[in-house]
**Student:** 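So that we are looking at the same thing, I have put the structure below in structure tokens.
Just so it is clear: chains get the letters A, B, ... in the order the sequence lines come, proteins before strands, and each one is counted from 1. Just so you know, these numbers come straight off a predicted model, no measurement behind them.
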2 protein chains.
Amino acid sequence: MSNATTTPPPSSSVGDYVKAIWELGGGTGTASTKEIADRLSVAPASVTNMLGRLRERGFVEYERYRGASLTEEGRLEALRLVRRHRLIETFLLEHLGYSWEDVHEEAERLEHAVSDNFTERLAEMLEHPERDPHGEPIPKVDGSLAPDDSRPLVDTEAGERVLISRVSHGVGGDDAPILVYLGERGLVPGRELVVGEVRALDGVVVVEDEDGVSHALGPALAASIFVRTYAESAQE
Amino acid sequence: MSNATTTPPPSSSVGDYVKAIWELGGGTGTASTKEIADRLSVAPASVTNMLGRLRERGFVEYERYRGASLTEEGRLEALRLVRRHRLIETFLLEHLGYSWEDVHEEAERLEHAVSDNFTERLAEMLEHPERDPHGEPIPKVDGSLAPDDSRPLVDTEAGERVLISRVSHGVGGDDAPILVYLGERGLVPGRELVVGEVRALDGVVVVEDEDGVSHALGPALAASIFVRTYAESAQE
DNA sequence: TCGGTGTTTTAGTTTTGGCTAAAATATAAA
DNA sequence: TTTATATTTTAGCCAAAACTAAAACACCGA
Ligand SMILES: [Mn+2]
Ligand SMILES: [Mn+2]
Ligand SMILES: [Mn+2]
Ligand SMILES: [Mn+2]
């Protein structure tokens, strides 16, 4: 009657691989060995090895030299972790006074240690936020995820009125300085901007914020800001 | 100039062993292979193996067949974990609405995943509590620990007026029912009691609480309650 | 002092998840 | 179409922690 071979819960390594594939593949889609290796700072040979195990476990479809994509089970496991990660980041920022650029690293470890019980109680305490501090949508318990309606700030045109939707916080954790800079200037999700100039020549984007302050953002900064068109009725 | 061989941070296994030795040895003192094996639900051979590694790492003094005791470094490592554990339990109970009997298991995992930064921010958020929900003192950052001034309820005498100091929550997690029973009746740390009768015959202790309600506690219940003599000026 | 019993250690395996070096394959350029 | 380069896999190795089975030891009672 009881399941003979009880599957152990995914280890943190397994979880991080599944999550990496999800992020690289954009939800569906496929991820190559090298991409995964780079993202996880691990040797390609280690990835090949792990992909074999993930296949056994039913988390990925994988044939050699073909790259890997998530199965439905893998996708759900990834979303479970993403939900935890983003809820934890929200908690760290709002309740523990962490700064914007520090939350990711801590969440990256904690996401593997908390229970489902902890996660849902935390969600309740935070009053079921829809987005994390970076503006990323938080998956629901059932694995559903709000579609991404944002586009890069660089793709806007002069005169447009937009809302900062999210700020990319790449994987390496090496773009902390960017987050610090943007955070100090109030260029955070929810902030309203008017695009002044998008200069193709040097990739500089000039924006004006709600307080009338003008910001000239170089390519690196501009590329990490994602916006959506401002509509009077926006922002839940 | 830089430390050639960078010591990796203690794994959760290492941490749990060190903590077990600390608990078994009562801070100082020694713990036998079997005691550790029983407490961690691990084979004695595994303990022997780990004790060798802990010795290499400088956490314990250990000679075969002699049992193990913590070095100063090991003691500090244990206290670091105990501090985390007890702060986390407090948080789970007071902010996430966990029930008394559930906090230990979650804390047992989280204590290995949180950073020092997290721990100290949590302590601040909790306003630096002195004791955890079970009444156990929380070690300070420097590793100092309030002395235990409590004695078993069974060692009291009829007529004594006492304060519940702590409630033992043994290791196995198998005494959840005891915690539930005591919690439901408000027999928690800080509660004032008057001892009615301590019956040697069957080990039953009868106490009366602040509301005048009388409780007849069998040996198992009585043994898990620790008290200290009530003094008007007690309880910070 | 001698056994017997329980404790501890040794020896040998296993699983997980890394690594390097070398071989195989794919892909893009000539 | 051939070749150079980049990617991926294979093979072999290692460390941490667990396990079992068997041997060694300690200690207590007769
Ligand atoms: Mn993050
Ligand atoms: Mn992670
Ligand atoms: Mn506990
Ligand atoms: Mn633990």
**Student:** Rounded to whole angstroms, how far apart are CZ on B:Arg66 and C1' on C:dT7?
**Tutor:** 13 Å
**Student:** Heavy atoms only, 4.0 Å cut-off, all strands: where does A:Val42 land among base, sugar-phosphate and nothing?
**Tutor:** sugar-phosphate
**Student:** Should A:Glu111 and A:Val82 count as side-chain neighbours, where that means a heavy-atom distance under 4.5 Å?
**Tutor:** no
**Student:** Strictly below 4.0 Å: does B:Ser32 bring a side-chain N or O up to OP1 or OP2 of C:dT7?
**Tutor:** no
**Student:** Does the side chain of B:His112 come under 3.5 Å of the side chain of B:Asp16 through a donor N or O and an acceptor N or O?
**Tutor:** yes
**Student:** When you measure from the side chain of B:Ser11, which nucleotide among D:dA17, C:dG17, D:dC19 comes out closest?
**Tutor:** D:dA17
**Student:** Tell me the interatomic distance from A:Leu40, atom CG, to C:dG17, atom P, rounded to whole angstroms.
**Tutor:** 12 Å
**Student:** Does OP1 or OP2 of C:dT16 have a side-chain N or O of A:Ser13 closer than 4.0 Å?
**Tutor:** no
**Student:** Could you give the CG-to-P distance, from B:Asn49 to C:dT13, as a whole number of Å?
**Tutor:** 16 Å
**Student:** Please give, in whole Å, the distance from D:dA17 P to B:His112 NE2?
**Tutor:** 11 Å
**Student:** Within this structure, what is the CG-to-C1' distance between B:Leu54 and D:dA17, rounded to whole angstrom?
**Tutor:** 12 Å
**Student:** Within the 4.0 Å heavy-atom criterion, would you say B:Ser46 contacts the bases, only the backbone, or no part of the nucleic acid?
**Tutor:** base
**Student:** More than 12 foreign heavy atoms under 6.0 Å from CZ of A:Arg199: is that the case here?
**Tutor:** yes
**Student:** Please report, rounded to the nearest Å, how far the C1' atom of D:dA18 is from the OH atom of B:Tyr17.
**Tutor:** 8 Å
**Student:** Using a heavy-atom cut-off of under 4.0 Å over every strand shown, decide if A:Thr48 touches base, sugar-phosphate, or nothing.
**Tutor:** base
**Student:** For the residue pair A:Phe91 and B:Phe91, categorise the inter-ring angle as parallel (less than 30°), tilted (30 to 60°) or perpendicular (more than 60°).
**Tutor:** tilted
**Student:** In whole Å, what is the span from the CZ atom of A:Arg53 to the C1' atom of C:dG18?
**Tutor:** 9 Å
**Student:** For A:Ala43 and for B:Thr33, find the nucleotide of DNA chain C with the closest heavy atom, then tell me which residue's nucleotide is more 5'.
**Tutor:** B:Thr33
**Student:** Among C:dC19, D:dA24, C:dG17, which nucleotide sits nearest the side chain of B:Tyr65?
**Tutor:** D:dA24
**Student:** Answer yes or no: does atom CZ of B:Arg66 have more than 12 heavy-atom neighbours from other residues, nucleotides or ligands under 6.0 Å?
**Tutor:** no
**Student:** If you check the B:Tyr62 side chain, which of C:dC19, C:dT9, D:dA17 turns out closest?
**Tutor:** C:dT9
**Student:** Given atom CG of B:Leu51 and atom P of C:dT10, what is their separation to the nearest angstrom?
**Tutor:** 11 Å
**Student:** A:Ala45 side chain: which of C:dT8, D:dA17, D:dT9 is closest?
**Tutor:** D:dT9
**Student:** Heavy atoms from C-beta onward define the side chain here; which of C:dT9, C:dG17, D:dT9 lies closest to that of A:Val14?
**Tutor:** C:dG17
